[in-house]
Every structure is written in C-alpha cells, then in structure tokens.
Amino acid sequence: MHGTIHVARALLGKILLHGSASGIIVETEAYTGPGDDASHSARGVTPRTRVIFGPPGHAYVYLIYGMYQCLNIVAEPDGVPGGVLIRAIQPLTGIEQMQSRRRAARRVEDLANGPGKLTQAFGITMQHNGADVTRGTLTVHPPKNETQLDIAVSPRIGITKAADLPLRFFLRGNPFVSRG
DNA sequence: CAATAGATCATCT
DNA sequence: GATGATCTATTGC
C-alpha cells in the first residue's frame, strides 16, 4: 500500500529493457490492493491475481479489452498485494523495431505513450506474466547517471472506481507521457 | 481540436 | 453473461 506508492515513484527514470528495445519509464500508477477498489487484487486472490500476491520485482501482465496487454511490477513483499502499472516509456534504443511493431504510430512520441502501446512496442505479452524482472529477458535497471527528477502527481486514468486517488506519477513536462 | 464507436476475449459472477 | 488499469479511426465543430 504505502510501499507500492514508493515503488511507483522509484520506477520513474528507470530503464526497461527487452531485447533491443529499451527506454526510460516516464509514467506510472500505483494499485495498492485492499482499500483500492480499482486494483485487481482488491477482492482477493484469484488465478489471475496470484502473481500480485507473490514476491516483488516480478511482472504482472494482463489482457485488457480483449486486445491490449498491460505491464505491472509487483511492489509488496510476498503475501501482500500491490503493483505498479507502467503507463508510458521514452524510447531509447530499438526504435526501428518498435516502429515495425506499431505501424499506427506516426511520431516517436506515440510509440510507447500508453500502457497498451508500450507493451506492443516492446513485444511484451502475457507470456511474461510472473517473470522476474531483476534477471531474465525482461528487466528493469537504474539509468547510467541518476539525476534529479521533477515528479508530478495526478489521479489515475481510465478507471471508474477510486478514480479520485492521487496515485499517478509522471515526469513533469516529459513529451512521452500519455495524454490520458 | 473534441467526441465517440467499435474492436475483441480472459476473467470473474 | 457482463466487464474492463485501451487504442484507433472516424466523424463533426
């Protein structure tokens, strides 16, 4: 709950890497489980939500609207639910491959500026559900030079329950943040 | 630019 | 059988 918010902020500025594709995480949302009605884990363990209740640092990937996948990072200790949705990424490398996976994107800014777009650009699928993001083919790691970040906060996007909680975090002014 | 319709299926009730 | 942590294309000012 509290730790998930910390992780959501800490993930900003980190690098997501999958094959030749890499980029800076510029937008996240915290989903804190009990008490957060928008969170998938709010109503307990199901076959789908079991990875959110598992150890931190693992990927929770799910299908939304029958055609897009969303990537979360599990954020709480084993047994405690909580996850961080990765909402937007600033592409760094593998941009040509991202463009071939996302023919609809006309600008580089549109390659990964949304939760469904970035999984498509990076080739992330439900096969990655449960994957350890500290080792393996899909990883998150610190940038080479850590700098001060200007982090802005807002309500989360696209939800109907608990829609007023300020649990969305993004890099202020960054052009790769989603439009909502 | 803003609003909206339609696509499409795993998951849960 | 209903419901989405979405995106794109298209329409209308």
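Since the structure is predicted, the reported quantities are computational estimates derived from the model, not experimental observations.
A:M126 and A:L85 fall into different hydrophobic clusters, defined by Ile, Leu, Val, Met, Phe, Trp and Tyr side-chain heavy atoms under 4.5 Å apart, directly or through other members.
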I need a per-nucleotide contact map over nucleotides 3-9 of chain C, read 5' to 3'. Cutoff is protein heavy atoms under 4.0 Å; write B for the base, S for backbone only, - otherwise.
-BBBSS-

Quick one: the dot-bracket string of DNA chain B, using Watson-Crick and G-U wobble pairs with both distances under 3.5 Å, [ ] for crossing pairs and | for bases paired to another strand.
|||||||.||||.

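Under a 3.5 Å cut-off, the side chain of A:T49 and the backbone N or O of A:G44 do form a donor-acceptor pair. The main-chain N or O of A:A30 is found under 3.5 Å from a side-chain atom of A:R156 such that the two form a donor-acceptor pair. No donor-acceptor pair under 3.5 Å is formed between the side chain of A:S178 and the backbone N or O of A:G114. A:E29 contributes a side-chain N or O that, together with a main-chain N or O of A:I157, makes up a donor-acceptor pair within less than 3.5 Å. A distance-only check finds no donor-acceptor pair linking the side chain of A:R9 to the backbone of A:H6 [under 3.5 Å].
From A:I73, atom CD1 reaches atom OG1 of A:T4 across 12.0 Å, with rounding to the nearest 0.5 Å.
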Can A:H40 and A:Y62 be said to form a ring-ring contact (aromatic ring centres under 6.0 Å, His included), step by step?
CA-CA 10 Å; A:H40 288 172; A:Y62 70 94; 4.7 Å; yes

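Taking atom CZ of A:R50 as the reference point, atom P of B:dA10 lies 15 Å away to the nearest angstrom.
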